[in-house]
Amino acid sequence: MDFAFDARTEELRGKLLTFMDEHVHPAEQIAHEQRALLASPWDTPQIVEDLKAEARRQGLWNLFLPDAEYGAGLTNLQYAPLAEITGRSPQLAPTALNCAAPDTGNMEVLFQFGTDEQKKQWLEPLLAGEIRSAFAMTEPEVASSDATNIETRIVRDGDDYVINGRKWYISGAMNPDCRIFIVMGKTDPDGDDIRRQQSMILVPRDTPGLEVRRAMQVYGYEDHYHGGHAEVVFNDVRVPAANLVGEEGDGFAIAQARLGPGRIHHCMRLIGMAERAIELMCRRAVSRTAFGKPLAQQGVVQNWIADARVTVEQLRLLVLKTAWLMDTVGNRGAHTEIQSIKIATPRAVVDILDQAVQLHGAGGVSQDFPLAELWAGARTLRLADGPDEVHQRSLARRELKKYL
């Protein structure tokens, strides 16, 4: 492995770092103030639209998509350090660059599995940042960490499919710009192969019978910039058969393909969140005095900062190795590393953020610093895209297989 960034990555890193310093970080407080004045908390503050326009003008747009026709044409290894930079302001930067979940995963699904018509109708407006989207898989009545448990039904009726089910924590669904849902359900609930029972289908938001019932909080936060997380009910929702993504029975495989890049993108951004936490810790430590000397001279604080630096350097190398393997041997070949970063990164970053909160005292849990919201986001990622235990189970089974 060559640990140096190539010329294009270095160029984009330079542009993105400047964009963050000159536009994103100054916009954080402005966005908060503008949101307080909006008619609906789910509307987009004007400063976010301004950031999107500036990012597109500078060519910092759709960096996540490796296809050169639709996206920036970057490899995973090239995108990793860029995603890390956006993780320093996860509420604003990914959205500004049109690199925010769940839209990134949905665009990847449409790019890989969508028909030409589906791409024209939904992928192109998403790539242009004109609309937002939601991915509807998780359900409240079953353990959704096992996707074979999904109970929503997608039933063929002539030239249509009829959908019935209840979903929750559906990211992006509260955003008024959300125009399309990718819904996972069962088309063959009694099939012999439990991984061929599921399918995915496109459901426009304005389809009769689709009800966005309520917003779900995340550790008390409404996660506005993520488009919220909603409970959504599908009651005899009817869409054309042409809205099916791929073929009947492809849903589980498509979900796995969607989660591959999604896992690593989250881990890349988490490293940026940890870097922000270390910076805030250091600034706090040199500016505050307790028990007769600066916090920066307290042994426990020094240990926190040193351990955080070592941890971030370890995680970054593992994430970059994973990105490199995904580029060179594919997601299947990088299975062990993908599972490893999904287990290790959120867990370690939560600990770093927790220590940063502790160092800031009351300020750390308040809205005056970004740490509490960053902690809530990082802790949630230990559930998103599968809980830690699912990844541990998968990784352990692969390790044990060598000895069976």
Side-chain angles (χ1 to χ4, degrees), residues 64 76-77 79-80 83 101-102 104-106 108-109 112-113 135-140 142-152 167 169 171 182 184-186 191-200 246 249-271 311 314-351 377-404:
F64 73 96
N76 286 296
L77 187 58
Y79 180 59
T104 49
N106 292 341
E108 286 161 346
V109 166
Q112 293 184 59
F113 304 102
F135 182 70
M137 186 181 80
T138 306
E139 297 180 2
V142 297
S144 299
S145 57
D146 179 357
T148 63
N149 285 335
I150 296 301
E151 293 183 339
T152 294
K167 304 283 189 179
Y169 278 97
S171 300
I182 299 181
M184 186 164 174
K186 288 187 175 178
D192 294 335
D193 186 347
I194 61 172
R195 296 191 177 189
R196 293 288 302 169
Q197 296 176 352
Q198 305 83 12
S199 300
M200 288 194 187
D250 287 349
F252 191 91
I254 293 173
Q256 290 303 110
R258 184 184 188 277
L259 287 176
R263 287 170 180 155
I264 192 168
H265 292 172
H266 281 313
C267 291
M268 295 167 182
R269 286 188 289 266
L270 279 164
I271 294 172
T311 298
Q314 292 173 323
L315 292 173
R316 180 182 290 113
L317 288 174
L318 183 55
V319 169
L320 290 174
K321 178 191 176 185
T322 305
W324 175 71
L325 285 172
M326 290 172 70
D327 292 334
T328 54
V329 298
N331 291 3
R332 186 178 296 274
H335 177 273
T336 294
E337 287 74 16
I338 290 176
Q339 299 296 337
S340 297
I341 63 171
K342 188 62 177 177
I343 295 165
T345 313
R347 183 185 295 169
V349 173
V350 165
D351 288 344
R379 181 61 184 85
T380 303
L381 286 176
R382 295 184 62 189
L383 297 169
D385 293 345
D388 289 0
E389 293 74 16
V390 170
H391 303 299
Q392 289 172 302
R393 174 177 180 268
S394 179
L395 183 55
R397 290 172 69 180
R398 177 163 290 229
E399 288 296 306
L400 288 166
K401 190 175 181 180
K402 303 171 186 176
Y403 302 93
L404 297 175

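What's counted below: heavy atoms across the whole structure, side chains too, no hydrogens, waters or symmetry copies. The first residue in the sequence is number 1, and the count goes up from there.
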*asked:* Using the rule given for side chain to side chain contact (heavy atoms under 4.5 Å, CB included), can you reason through Glu108 versus Phe64, listing the C-alpha separation, both sets of side-chain angles and the distance that settles it, and then say yes or no?
replied: CA-CA 9 Å; Glu108 286 161 346; Phe64 73 96; 3.6 Å; yes

*Taking all non-hydrogen atoms of both residues into account, name the closest pair between Leu320 and Leu77 and its distance.*
O-CD1, 3.6 Å

*Closest heavy-atom pair and its distance - Met268, Ala80*: SD-CA, 3.3 Å

*So does Asp192 have more than 12 non-hydrogen atoms from other groups sitting under 6.0 Å from CG?*
no

*With the side chain counted from C-beta on, respond yes when Phe113 and Met200 share a heavy-atom pair under 4.5 Å apart, and no when they do not.*
no

*Hey, which of Val350, Thr345, Val349, Ile343 is the one that makes side chain to side chain contact (heavy atoms under 4.5 Å, CB included) with Arg347?*
Ile343

*Does His335 reach the side chain of Ser394, with side-chain heavy atoms less than 4.5 Å apart?*
yes

*asked:* side chain to side chain contact (heavy atoms under 4.5 Å, CB included), that's the test. Do Leu318 and Ser340 meet it? Break it down for me.
replied: CA-CA 8 Å; Leu318 183 55; Ser340 297; 4.2 Å; yes

Tell me which donor-acceptor pairs under 3.5 Å the side chains of residues 381-391 have, and how far apart each pair is, sequence neighbours excluded?
residue : atom : partner : partner atom : Å
Arg382  : NE   : Asp388  : OD2          : 2.7
Arg382  : NH2  : Asp388  : OD2          : 2.9
His391  : ND1  : Gln339  : OE1          : 2.8
His391  : NE2  : Asp385  : O            : 3.1
His391  : NE2  : Gly386  : O            : 3.1

*Just by distance, do the side chain of Thr148 and the backbone of Arg195 share a donor-acceptor pair under 3.5 Å?*
no

*Which residues pass the side chain to side chain contact (heavy atoms under 4.5 Å, CB included) test with Gln197, sequence neighbours left out?*
Lys186, Ile194

*asked:* Determine whether Thr138 and Lys167 satisfy the following criterion, side chain to side chain contact (heavy atoms under 4.5 Å, CB included), listing intermediate values before the conclusion.
replied: CA-CA 6 Å; Thr138 306; Lys167 304 283 189 179; over 6 Å; no

*Would you say the side-chain atoms of Asn149 pair up with the backbone N or O of Val142, donor to acceptor, closer than 3.5 Å?*
no

*asked:* Using the ring pair (Phe, Tyr, Trp, His ring centres under 6.0 Å) criterion, which residues pair with Phe135? Sequence neighbours excluded.
replied: none

*Is there a donor-acceptor pair closer than 3.5 Å between any side-chain N or O of Glu139 and the backbone N or O of Ser144?*
no

_Could you check whether any side-chain heavy atom of Asn106 comes within less than 4.5 Å of a side-chain heavy atom of Arg258, counting everything from C-beta outward?_
yes

_Using side-chain heavy atoms (C-beta onward) and a distance below 4.5 Å, is Asp250 in contact with Ser199?_
no

*Between atom CD of Gln256 and atom CZ of Arg332, what is the distance when rounded to the nearest 0.5 Å?*
9.5 Å

_Validation row: Thr322, Met326 side chains within 4.5 angstrom (heavy atoms)_ = yes

_Quick check: closest heavy atoms across Ile341 and Pro346, and the distance to 0.1 Å?_
O-CD, 3.6 Å

*Are Lys321 and Glu337 close enough for a salt bridge, meaning some N to O gap below 4.0 Å?*
yes

*Could you walk me through whether Phe252 and Arg196 pass side chain to side chain contact (heavy atoms under 4.5 Å, CB included), step by step?*
CA-CA 7 Å; Phe252 191 91; Arg196 293 288 302 169; over 6 Å; no

*What's the shortest heavy-atom distance between Met184 and Ala255, and which atoms?*
SD-CB, 4.1 Å

*Side chains of Ile271 and Cys267: does their closest heavy-atom pair fall under 4.5 Å?*
no

